[in-house]
Amino acid sequence: MVQGSSYIWSLVQSLRSASFPSKLANYRGYTSRAASNSLRHPSTYSDDEYADVDWDKLGFGLTPTDYMYVMRCSKDDNFKEGRLSRYANIEISPSAGVLNYGQGIYEGTKANRTEDGRVLLFRPDENATRMMHGAERMCMPSPSIQQFVDAVKETVFANKRWIPPPGKGSLYVRPLLVGTGPILGLAPAPEYTFLVYASPVRNYFKEGTAPLNLYIDEEFVRASPGGAGGVKTITNYAPVLKAIARAKDRGFSDVLYLDAVNRKYLEEVSSCNIFIVKGNRISTPAISGTILQGITRKSILEIARDHGYQVEERAIPVDDLGDADEVFCTGTAVGVAPVGSITHRNRRIEFKTEGSLVCKELYSTLVGLQTGRIEDKKGWTVEIH
């Protein structure tokens, strides 16, 4: 149950009675009803206005926006019609599957404004497909690809005023699928909730666009063969918090993990995939069940091939870092982030971070596609009308 909910139907009625024009009134899907006394002033939904945010000071913290999307189903059913509600806390049983057994997965995607006023999503169908794959692994029903994409579209449109101006950041969109039904014994929850909320963001790391300094922590591993490291389950993230905290206490940006079996092959960073560059060759760890199939990773691989680079997905021994020209990370939150150094067993290995960089070339193309500066001939972007 969502507390303090109010829906677009009421907004449409108040707009009509007050003679405030709004594109929301004509957008499909906004049909839920609630009391209008909790709605903000209708003029805040003008297509020409931004939320009251200092865009120049935007980081990667939570800034609550206006609306979220909610859809529910039982474990033996399919998701049907969802609806928008005001962004608010939710009530949940103390015995919910997600609270007791960690039955939950999430996604992350972004919406960007273009210079000519459009709003673009980047490959949301890939997020939907990955959620379906993760849901199957975690014994959960999942929204269809179309349901997922429509929910993201509606959430972004309803929160359009929170999308930063061009060049000032993005609207980060967080779809969640969690077991909210009560369960005591270890088993799939009887009910599931699909939520989508959003927050304006800019740089993920405190360094901004400065090169990262990573630390290889041999005590901790991120995932093991046969586990759930290859899906975006919530259970993958809390276990790395201690390693991250320890690395940051030592002045590092994040942790680069090695494989759990041999402790010699690169896997990924806590929140992103890793790439190494040597000459015209770009390498990244192969997907083997322990590494998340990043959508930015997948996109960069294709962009690199388009740019004429030799691309390979393989097992990368940690010793290969000593010969690398460049190292960079990729992810929805981080974008493409250059790595200045990696410290392993008290040895600090430094990489090229100035001049003509492969990662900057690839990132420029990626951002160009995401923001409409480069014509999308791949069908990767989805415009929200």
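None of these values were measured; they are calculated from a predicted model.
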Stepwise side-chain hydrogen bond (donor to acceptor under 3.5 Å, both in side chains) test for R137 and T233: CA-CA 9 Å; R137 175 65 176 84; T233 168; over 6 Å; no

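- L171 and F122 fall into different hydrophobic clusters, defined by Ile, Leu, Val, Met, Phe, Trp and Tyr side-chain heavy atoms under 4.5 Å apart, directly or through other members.
- Note that the OG atom of S199 and the OH atom of Y87 stand 8.0 Å from one another [nearest 0.5 Å].
- In summary, of the residues considered (T371, I374, V336), a side-chain contact (heavy atoms from CB on, under 4.5 Å) with L366 occurs for V336 alone.
- Counting non-hydrogen atoms of other residues, nucleotides and ligands closer than 6.0 Å to NZ of K264 gives a total of 12 or fewer.
- Rounding to the nearest 0.5 angstrom, the gap separating the OH atom in Y204 from the OG1 atom in T332 is 11.5 Å.
- In this structure, CG in N89 is found 10.0 Å from CD in E91, a value given to the nearest 0.5 Å.
- Side-chain contact between R174 and L176 is present, with at least one heavy-atom pair separated by less than 4.5 Å.
- Around the CG atom of L184, the shell of radius 6.0 Å holds no more than 12 heavy atoms that belong to other residues, nucleotides or ligands.
- Looking at E267, its side chain never comes within 3.5 Å of a backbone N or O of R222 through a donor-acceptor pair.
- P141 and D77 get closest at one heavy-atom pair: CB-O, 4.0 Å.
- For K378, the NZ atom counts as densely surrounded, since its 6.0 Å shell holds more than 12 non-hydrogen atoms of other residues, nucleotides or ligands.
- Between the side chains of D116 and T114, at least one donor N or O sits under 3.5 Å from an acceptor N or O.
- Tracing side-chain contacts under 4.5 Å through hydrophobic residues (I, L, V, M, F, W, Y), one never reaches F220 starting from I291; they form parts of separate clusters.
- Cation-pi contact between R86 and Y67: present, with separation from the ring centre below 6.0 Å and deviation from the ring axis of at most 45°.
- When only modelled atom types and interatomic distance are considered, E312 and S283 share a side-chain donor-acceptor pair under 3.5 Å.
- Residues meeting the ring pair (Phe, Tyr, Trp, His ring centres under 6.0 Å) test with F252, sequence neighbours left out: Y215.
- The CZ atom of R118 sits 11.5 Å away from atom CG of N112, with the distance rounded to the nearest 0.5 Å.
- Under the 4.5 Å side-chain criterion, counting only non-hydrogen atoms from C-beta, P94 is not in contact with L99.
- In terms of heavy atoms, R202 sits closest to G167 at NH2-O, 3.1 Å.
- Rounded to the nearest 0.5 Å, atoms NZ (K298) and CD (E126) are 3.5 Å apart.
- Under the rule for a salt bridge (Lys or Arg N to Asp or Glu O under 4.0 Å), the partners of R130 that lie at least two apart in sequence or sit in another chain are E107.
- Looking only at side-chain heavy atoms (C-beta outward), K168 and L58 stay at 4.5 Å or farther from each other.
- Under a hydrophobic-cluster definition in which Ile, Leu, Val, Met, Phe, Trp and Tyr are linked whenever side-chain heavy atoms come within less than 4.5 Å, directly or via other members, V119 and L84 are assigned to the same cluster.
- The two atoms that bring P182 and S93 nearest to each other are CB-OG, 3.7 Å, heavy atoms only.
- In this structure, CZ on F351 lies 10.0 Å from CG on D325, to the nearest 0.5 angstrom.
- The closest side-chain heavy-atom distance from I90 to V70 is not below 4.5 Å.
- None of N127, T330, T129 except one satisfies the side-chain contact (heavy atoms from CB on, under 4.5 Å) rule with I295; the exception is N127.
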Verdict with supporting geometry, L362 and F275, side chain to side chain contact (heavy atoms under 4.5 Å, CB included): CA-CA 12 Å; L362 301 179; F275 286 75; over 6 Å; no

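- N273 contributes a side-chain N or O that, together with a main-chain N or O of L292, makes up a donor-acceptor pair within less than 3.5 Å.
- Put simply, the side chain of S170 never gets that close to the backbone of P200: no donor and acceptor are under 3.5 Å apart.
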CA sep, side-chain torsions, deciding dist, call: L266, V318, side chain to side chain contact (heavy atoms under 4.5 Å, CB included): CA-CA 6 Å; L266 304 184; V318 66; 4.1 Å; yes

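- Comment: R250 does not engage D217 in a salt bridge, judged by the lack of any side-chain N to carboxylate O separation of less than 4.0 angstrom.
- The minimum heavy-atom distance linking R113 with P164 is given by the pair CD-O, 3.2 Å.
- F79 is listed as a side-chain neighbour of L177, based on a closest heavy-atom distance under 4.5 Å.
- The minimum heavy-atom distance between C329 and L212, with the atom names listed, is SG-CD1, 4.3 Å.
- Note on R83 versus E81: no salt bridge recorded, every NZ/NE/NH1/NH2 to OD/OE distance being 4.0 Å or above.
- Heavy atoms of other residues, nucleotides or ligands lying less than 6.0 angstrom from CG of D249 number more than 12.
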Audit row: M132, F148, side chain to side chain contact (heavy atoms under 4.5 Å, CB included) steps and yes/no: CA-CA 10 Å; M132 293 180 71; F148 181 103; over 6 Å; no

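- Of all the heavy atoms in I274 and E268, the pair that sits closest is CG2-CA, 4.4 Å.
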Steps toward ring-ring contact (aromatic ring centres under 6.0 Å, His included) verdict (Y237, Y106): CA-CA 11 Å; Y237 293 90; Y106 77 91; 5.3 Å; yes

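- When ring centroids are compared, Y172 and F60 come within the 6.0 Å threshold.
- W162 pairs with exactly one of T65, D66, T63 by the side chain to side chain donor-acceptor pair (under 3.5 Å) rule, that one being D66.
- The hydrophobic clustering, which links ILVMFWY residues whose side-chain heavy atoms are closer than 4.5 Å, places V149 and L120 apart.
- Counting heavy atoms from C-beta outward, Q310 and R281 have side chains that approach closer than 4.5 Å.
- Electrostatic pairing of D320 and R314 counts as a salt bridge here, judged by a charged N lying under 4.0 Å from a carboxylate O.
- R72 and T180 share no side-chain donor-acceptor pair at under 3.5 Å.
- In this structure, K232 contributes its side chain and G134 its backbone to no donor-acceptor pair below 3.5 Å.
- Cluster annotation: V221 and L258 are assigned to distinct hydrophobic clusters (Ile/Leu/Val/Met/Phe/Trp/Tyr, side-chain heavy-atom contacts under 4.5 Å, transitive).
- At a threshold of 4.0 Å, the pair R297-E313 counts as salt-bridged, since one of the basic side-chain nitrogens sits closer than that to a carboxylate oxygen.
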I300 vs F328, side chain to side chain contact (heavy atoms under 4.5 Å, CB included): CA-CA, chis, key distance, verdict: CA-CA 11 Å; I300 286 295; F328 62 90; 4.1 Å; yes

